[in-house]
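One structure below.
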Amino acid sequence: MTRSEELFARARQLIPGGVNSPVRAFRNVGRTPFHATAAHGCRLRTADGAELIDYVLTWGPAILGHNDPDVRAAVQNAANAGLGFGTNHPAEIDFAQLIHQSLPVVEKVRLTNSGTEATMTAIRLARGCTRRHRIVKFSGCFHGHVDALLVKAGSGALTHGHPDSAGIPPATAADTLVLPYNDTAALDAAFDVAEARRDDPGHAIAAVILEPYPGNIGLLFPQAQFLETLRARCTRHGALLIFDEVMTGYRLSPRGTMGLHPVRPDLVCLGKIIGGGLPIGAIGGRAHLMDHLAPLGPVYQSGTFCGHPLTLAAGIATLKKLLGAPPYTTLDAAGNTLATAARAAAARKGIALQVHQSGSMFALFFNPRPVLNLEDVLASDATAYRRIFQHALDHGVFLPPSPYESAFISTAHDATAIAQTADVLTSAINTL
Ligand SMILES: *Cc1c(COP(=O)(O)O)cnc(C)c1O
């Protein structure tokens with residue numbers, strides 16, 4: 001028995017499934033999960049003494065690599081002043097200013113403890129502002145484990161085959177309309193129905209929430225005119241458009257997907273990277289909407305730890321580095337190197353592989369056809385992905401432990417690590 005197997009056996013006695021978040025169980029890749037003992041730069045050390053080049057990166061946040069020295073120093077400094085205040089403190093203003101400067105659609109921002117809390121607050125706020133009930137989401141888009149949004153979601157919910165969780169009363173999800181991503185005709189049809197009854201709060205649409213580039217079912221791209229049509233229909237109907245950029249914010253560009261696409265939302269959800277490795281979420285948007293939040297308005301939101309000084313120290317240090325010397329061109333080159341290597345290996349072997357890559361995110365779909373939505377993702381060969389994952393892990397590369405997660409690259413992945421990974425991906429594909 002390896003040390004990790006021993007630890008996992010003990011963990012299962014005390015923690016449901018041995019994990020504190022379902023995808024960590026490695027259910028979809030047929031392996032016992034390892035335990036980590038340290039993380040520095042692009043590498044994760046395991047309890048078994050292995051050093052893995054990490055493409056999970058704490059599920060996205062660690063864009064500067066693990067335990068960046070500047071971020072660590074900022075957190076240590078902040079800790080010297082106290083582990084929490086429970087009151088307002090000046091770093092909150094600096095942080096809000098940094099977000100506003102890089103994302104002008106965020107005129108005001110409210111902080112939460114997680115991305116889930118951000119999306120939960122966003123839909124409550126949208127319903128409060130519009131006095132309507134109905135929410136539209138897209139199948140395969142994951143917005144955390146908010147009851148009303150845990151319908152045909154991605155990420156762990158998908159890996160475990162329960163897109164609709166037990167414990168959610170049908171009435172809670174009854175006002176959630178789920179549409180296929182990238183399907184403009186379905187979108188038009190849903191809005192036509194809603195517009196016919198726009199004065200009925202039960203039928204009018206309060207908001208449409210989506211990951212503009214879905215990253216919790218691998219990585220998908222919006223087809224031409226999809227986001228534009230969405231924006232136009234929301235505006236005409238009086239519905240709010242919510243971009244869930246918890247994963248893509250400061251990841252795909254300094255402005256998230258808004259750096260790659262002209263469409264602008266009314267509200268944005270952020271998380272992951274903005275916390276610099278510590279827990280966070282944020283909701284932002286136009287001031288007249290944000291001012292519906294308590295104490296100014298009737299929409300309630302609160303949190304003991306919201307705006308925590310250690311998180312904000314890490315977040316400010318991270319955002320300053322990302323905005324001061326934007327690493328996005330270098331990250332995209334690294335992503336491109338890996339994507340090119342995987343495509344070339346698959347072509348030589350005659351294997352149908354779609355590599356989706358944008359900047360420092362990528363996903364591998366073993367599928368002969370274009371992958372545009374959840375259905376296409378599920379039609380891909382998950383067994384081939386499992387074999388790639390296992391081969392990579394045995395050769396020192398930690399890919400996402402599920403075919404339904406995007407891989408991430410950090411600024412700490414140097415040329416040596418990228419070249420080594422390209423070789424491992426090539427040899428992994430050769431084993432198929
Ligand atoms: C991770 C994620 C969430 C949930 O964030 P948590 O901090 O895990 O609650 C929500 N939306 C998207 C797009 C995410 O990637």
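Ligands are counted one by one from 1 in listed order, and the atoms in each one are counted from 1 as well.
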Is it the case that T318 and Y250 place a side-chain donor and acceptor less than 3.5 Å from each other?
-> no
Consider only side-chain N and O atoms of T257 and E245, and report whether a donor and an acceptor are under 3.5 Å apart.
-> yes
Indicate whether any N or O donor in one side chain lies under 3.5 Å from an N or O acceptor in the other, for Q301 and R124.
-> no
If we number the atoms of ligand 1 from 1 as shown, the ones under 4.0 Å from a heavy atom of F142 are 11 (N), 12 (C), 13 (C)
What protein heavy atom is closest to atom 8 (O) of ligand 1, reported as residue, atom name and distance in Å?
-> T116 OG1, 4.5 Å
Could you tell me which atoms of ligand 1, counted from 1 in the order shown, lie closer than 4.0 angstrom to a heavy atom of E211?
-> 13 (C)
Go through ligand 1 atom by atom and flag the ones less than 4.0 Å from a non-hydrogen atom of D244.
-> 10 (C), 11 (N), 12 (C), 13 (C)
Mark up the atoms of ligand 1 that fall under 4.0 Å of a heavy atom belonging to S114, in ascending order.
-> 7 (O), 9 (O)
When you measure from atom 3 (C) of ligand 1 to every protein heavy atom, which one gives the shortest distance, and what is it?
-> V246 CG1, 3.7 Å
Nearest neighbour in protein (non-hydrogen) for atom 5 (O) of ligand 1 | G115 CA, 3.2 Å
Hey, is H143 touching ligand 1 through its side chain, its backbone, both or neither, going by heavy atoms under 4.0 Å?
-> backbone
Please identify which atoms of ligand 1 are closer than 4.0 Å to at least one heavy atom of N216.
-> 12 (C), 13 (C), 14 (C), 15 (O)
Salt bridge between D266 and R231, side-chain N to carboxylate O under 4.0 Å?
-> yes
Measure from atom 1 (C) of ligand 1 to every heavy atom in M247, E405, K272 and give the option owning the shortest one.
-> K272
For R387 and T383, does a side-chain donor sit closer than 3.5 Å to a side-chain acceptor?
-> no
Are a donor atom and an acceptor atom from the side chains of D244 and T119 found within less than 3.5 Å of each other?
-> no
E405 vs V56, side chain to side chain contact (heavy atoms under 4.5 Å, CB included): CA-CA, chis, key distance, verdict | CA-CA 9 Å; E405 301 286 347; V56 179; over 6 Å; no
